[in-house]
Amino acid sequence: MAAQVIDGKEFAAEVRGRVAEHVARLKDEHGITPGLAVVLVGEDPASQVYVRSKGKQTVEAGMESFEHKLDASVSQDELLAVVQQLNADPKVHGILVQLPLPAHMNEDLVINAIAPEKDVDGFHISNVGRLGTGQKSMVPCTPLGCLMLLRAQHGSLSGMNAVVLGRSNIVGKPMAQLLLGDSCTVTIAHSRTRDLPEVVRRADIVVAAVGRPEMVPGDWIKPGATVIDVGINRIDAPEKGEGKTRLVGDVDYASAAEVAGAITPVPGGVGPMTIACLLANTLTACCRARNLPEPEGLTA
Ligand code: GUN
């Protein structure tokens, strides 16, 4: 039987709608407008597209968007000064420094200069530690989006076998922590994992985040499993014409959709959830800063 297609685009629109409603209430009842600052260093075209999209969706949700575009040649100290200024600005509740940074910068040092309570990416070492120890933290946006999709699909995830493919700090590791927090039995698999197909076949939940196009075929998937595909890979598509490309995930969608119970498509699955969760995190950071109740269902 063909899998149910999990519509991340629709779900993300619903999350943005809930954020916008909460933001409107904050304004009406408390005169507060959540603010998100995005810092972009250099002119990486993909980063420019992301930053534009973030700014647009921030404003559409009724929040304030602050953009700081710095030249690629800016010194690390100058960037740190901008971060310090945003840390001290009461109108800014969330700060995101777009990665990658130019090679002459130390990314860890810059990320750890962000005030942890404003770190809406959840990359600060203090938030990583808090997530790992089950304390209230800011949670990385893409894993949070995956968790929301899984909870919407299953209600409780308790006792399920989850396999996370990929061990990145941005997706794989925090995803595993979140699944553990929801009482899954979690395996993190990676390029050195032995008998990978067998490991994946045990999973009720597969989260694929390895960045290798169509790496997971359908015959690795347990019948009825839920497959969350975080990969966004651009590959040649000669069938569409010379020089054309298309986006694919880390999962071979056609064969996996024959076996899975539910699956996220690429594009239109996890992708749109990331910015929706960034807005949710900005709202959460604002509520925490002002000691107001946090929005329900928008945090881990
Ligand atoms: N570059 C690509 N994705 C991200 C992200 O989620 N956060 C930041 N800060 N930079 C990115």
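Every number for a ligand or one of its atoms is a count from 1 in the order of the listing.
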Check the pair E294, K136 against salt bridge (Lys or Arg N to Asp or Glu O under 4.0 Å), reporting the backbone distance first and the verdict last.
CA-CA 12 Å; E294 288 177 27; K136 196 182 261 192; 3.0 Å; yes

Salt bridge (Lys or Arg N to Asp or Glu O under 4.0 Å) between E198 and R202, worked out:
CA-CA 7 Å; E198 282 311 311; R202 288 201 295 268; over 6 Å; no

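Counting only heavy atoms from C-beta outward, the side chains of L292 and L26 approach each other to under 4.5 Å.
The backbone N or O of M215 sits nowhere less than 3.5 Å from a side-chain atom of D250 that would complete a donor-acceptor pair.
Screening residues 94-115 for side chain to side chain donor-acceptor pair (under 3.5 Å) gives K54-Q98 as the qualifying pairs, with residues at least two apart or on separate chains.
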Expected rows: ligand 1 N/O, protein N/O, dist below 3.5 Å:
residue	atom	partner	partner atom	Å
ligand 1	1 (N)	Q98	NE2	3.1
ligand 1	1 (N)	L99	O	2.8
ligand 1	7 (N)	D121	OD1	3.1
ligand 1	7 (N)	D121	OD2	3.3
ligand 1	9 (N)	V97	O	2.8
ligand 1	9 (N)	D121	OD2	2.6
ligand 1	10 (N)	L99	N	3.0

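Inspection of the T274 and T142 side chains reveals an N or O donor paired with an N or O acceptor under 3.5 Å.
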